[in-house]
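Everything on this sheet refers to the single structure shown next.
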Amino acid sequence: MATGHTDPQRRDRILAAALDLVAEEGVSGVSHRKIAARAGVPLGSMTYHFNGMDEVLREAFRLFSDHVVAVFDTHLAPATDADRAREAVADLVHALSDGSRRDLVLAQELYTLAARQPAYRDLTQQWMARSRLHLEKHFDPDTAHQLDALIEGLTLHRALSTHPHDRALTLDAVTRVTTPSGHVG
């Protein structure tokens, strides 16, 4: 019996549940049934809102990439010059690597999908381009591109290390990448 009651957050709950399950079980561990149960929605909601699991995952990972880009913005927006931007990037690396293990796992799951499937590669390219836009507010495009890769690498190394490097080493690496040749003191 239809009640006429709508649930405007249902689609968002499905996407959040999908991300939670991917973080816990990996992409191979998700299913329509598991996502619906986690989201607290009828199984039919999956096919009502999405045209298959691939669309669920793409939309969920798009939501995740929006979150990470917002973290970039939070750290980089207040920087008013190159030195403050370098400090902000070092803070960003440490926030990402010391932060949510869920986010770290989700990023790696997305990268794995992107390595196998072009649609996800497009999504990661869009994510990287958006992250670089924040960096390009402070550095030239080539430096921003290198810095974006450095952020990914330093974040992953710190997060997975049993003895993560300290902020001074992070700031030194950021300074080396962002300082024109011959000007590092």
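When a residue number appears, it is its place in the shown sequence, counting from 1. No hydrogens, no waters, no symmetry mates; every other heavy atom, side chains included, goes into these values.
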Shortest non-hydrogen separation from [X] to [Y] and the atoms involved:
{"X": "Met53", "Y": "Ser31", "result": "CE-C, 3.4 Å"}
{"X": "Arg102", "Y": "Ala16", "result": "NH2-O, 4.0 Å"}
{"X": "Gly40", "Y": "Arg13", "result": "O-NH2, 4.0 Å"}
{"X": "Gly26", "Y": "Glu109", "result": "CA-OE2, 3.4 Å"}
{"X": "Leu169", "Y": "Asp166", "result": "N-OD1, 3.0 Å"}
{"X": "Ala114", "Y": "Thr124", "result": "CB-CG2, 3.7 Å"}

With the 4.5 Å side-chain cut-off for hydrophobic clustering, are [X] and [Y] part of the same group?
{"X": "Leu96", "Y": "Leu171", "value": "no"}
{"X": "Tyr48", "Y": "Val56", "value": "no"}
{"X": "Met128", "Y": "Phe139", "value": "no"}
{"X": "Ile151", "Y": "Leu156", "value": "no"}
{"X": "Val69", "Y": "Val93", "value": "yes"}

Is [Y] close to [X] at the side-chain level, that is, under 4.5 Å between some pair of heavy atoms?
{"X": "Val27", "Y": "Thr112", "answer": "no"}
{"X": "Asp54", "Y": "Tyr120", "answer": "yes"}
{"X": "Ser97", "Y": "His165", "answer": "no"}
{"X": "Arg158", "Y": "Thr170", "answer": "yes"}
{"X": "Asp81", "Y": "Arg84", "answer": "yes"}
{"X": "Leu15", "Y": "Arg62", "answer": "no"}

Using 0.5 Å steps for rounding, measure from the [atom1] atom of [X] to the [atom2] atom of [Y].
{"X": "Thr74", "Y": "Asp91", "atom1": "OG1", "atom2": "CG", "value": "12.5 Å"}
{"X": "Lys137", "Y": "Thr80", "atom1": "NZ", "atom2": "OG1", "value": "13.5 Å"}
{"X": "Leu147", "Y": "Asp142", "atom1": "CG", "atom2": "CG", "value": "12.5 Å"}
{"X": "Glu59", "Y": "Asn51", "atom1": "CD", "atom2": "CG", "value": "10.5 Å"}
{"X": "Ile35", "Y": "Leu57", "atom1": "CD1", "atom2": "CG", "value": "6.5 Å"}
{"X": "Leu76", "Y": "Ser131", "atom1": "CG", "atom2": "OG", "value": "9.0 Å"}

Exercise. Looking only at atom types and distance, does a side-chain atom of Arg86 sit under 3.5 Å from a main-chain N or O of Val174, one as donor and one as acceptor?
Worked result: no

Exercise. Just by modelled atom types, is the Glu152 backbone N or O under 3.5 Å from a matching donor or acceptor in the Thr155 side chain?
Worked result: no

Exercise. How about His145: does its NE2 atom have over 12 heavy atoms from other parts shown lying under 6.0 Å from it?
Worked result: no

Problem set entry | Arg167, CZ atom: more than 12 neighbouring heavy atoms under 6.0 Å | yes

For this session: Apply side-chain contact (heavy atoms from CB on, under 4.5 Å) to the pair His67 and Val71, showing each step before the final yes or no.
Result: CA-CA 6 Å; His67 159 72; Val71 172; 3.9 Å; yes

For this session: Please step through side-chain contact (heavy atoms from CB on, under 4.5 Å) for the pair His138 and Thr143, ending with a clear verdict.
Result: CA-CA 10 Å; His138 308 285; Thr143 301; over 6 Å; no

Problem set entry | Salt-bridge present (Lys34, Glu24; N to O < 4.0 Å) | no

Problem set entry | Residues Arg58 and Glu55 bridged, charged N to O under 4.0 Å | no

Problem set entry | Parallel, tilted or perpendicular, as decided by the 30° and 60° cut-offs, for the rings of Phe64 and Phe61 | perpendicular

For this session: Mind telling me whether Phe72 and His134 have parallel, tilted or perpendicular rings, with 30° and 60° as the class edges?
Result: tilted

For this session: Might you work through the side-chain contact (heavy atoms from CB on, under 4.5 Å) test for Met46 and Ile14, ending with a clear yes or no?
Result: CA-CA 8 Å; Met46 297 297 297; Ile14 291 169; 3.6 Å; yes

Exercise. Please walk me through it: do Leu160 and Leu104 pass side-chain contact (heavy atoms from CB on, under 4.5 Å)?
Worked result: CA-CA 10 Å; Leu160 299 179; Leu104 179 68; 4.0 Å; yes

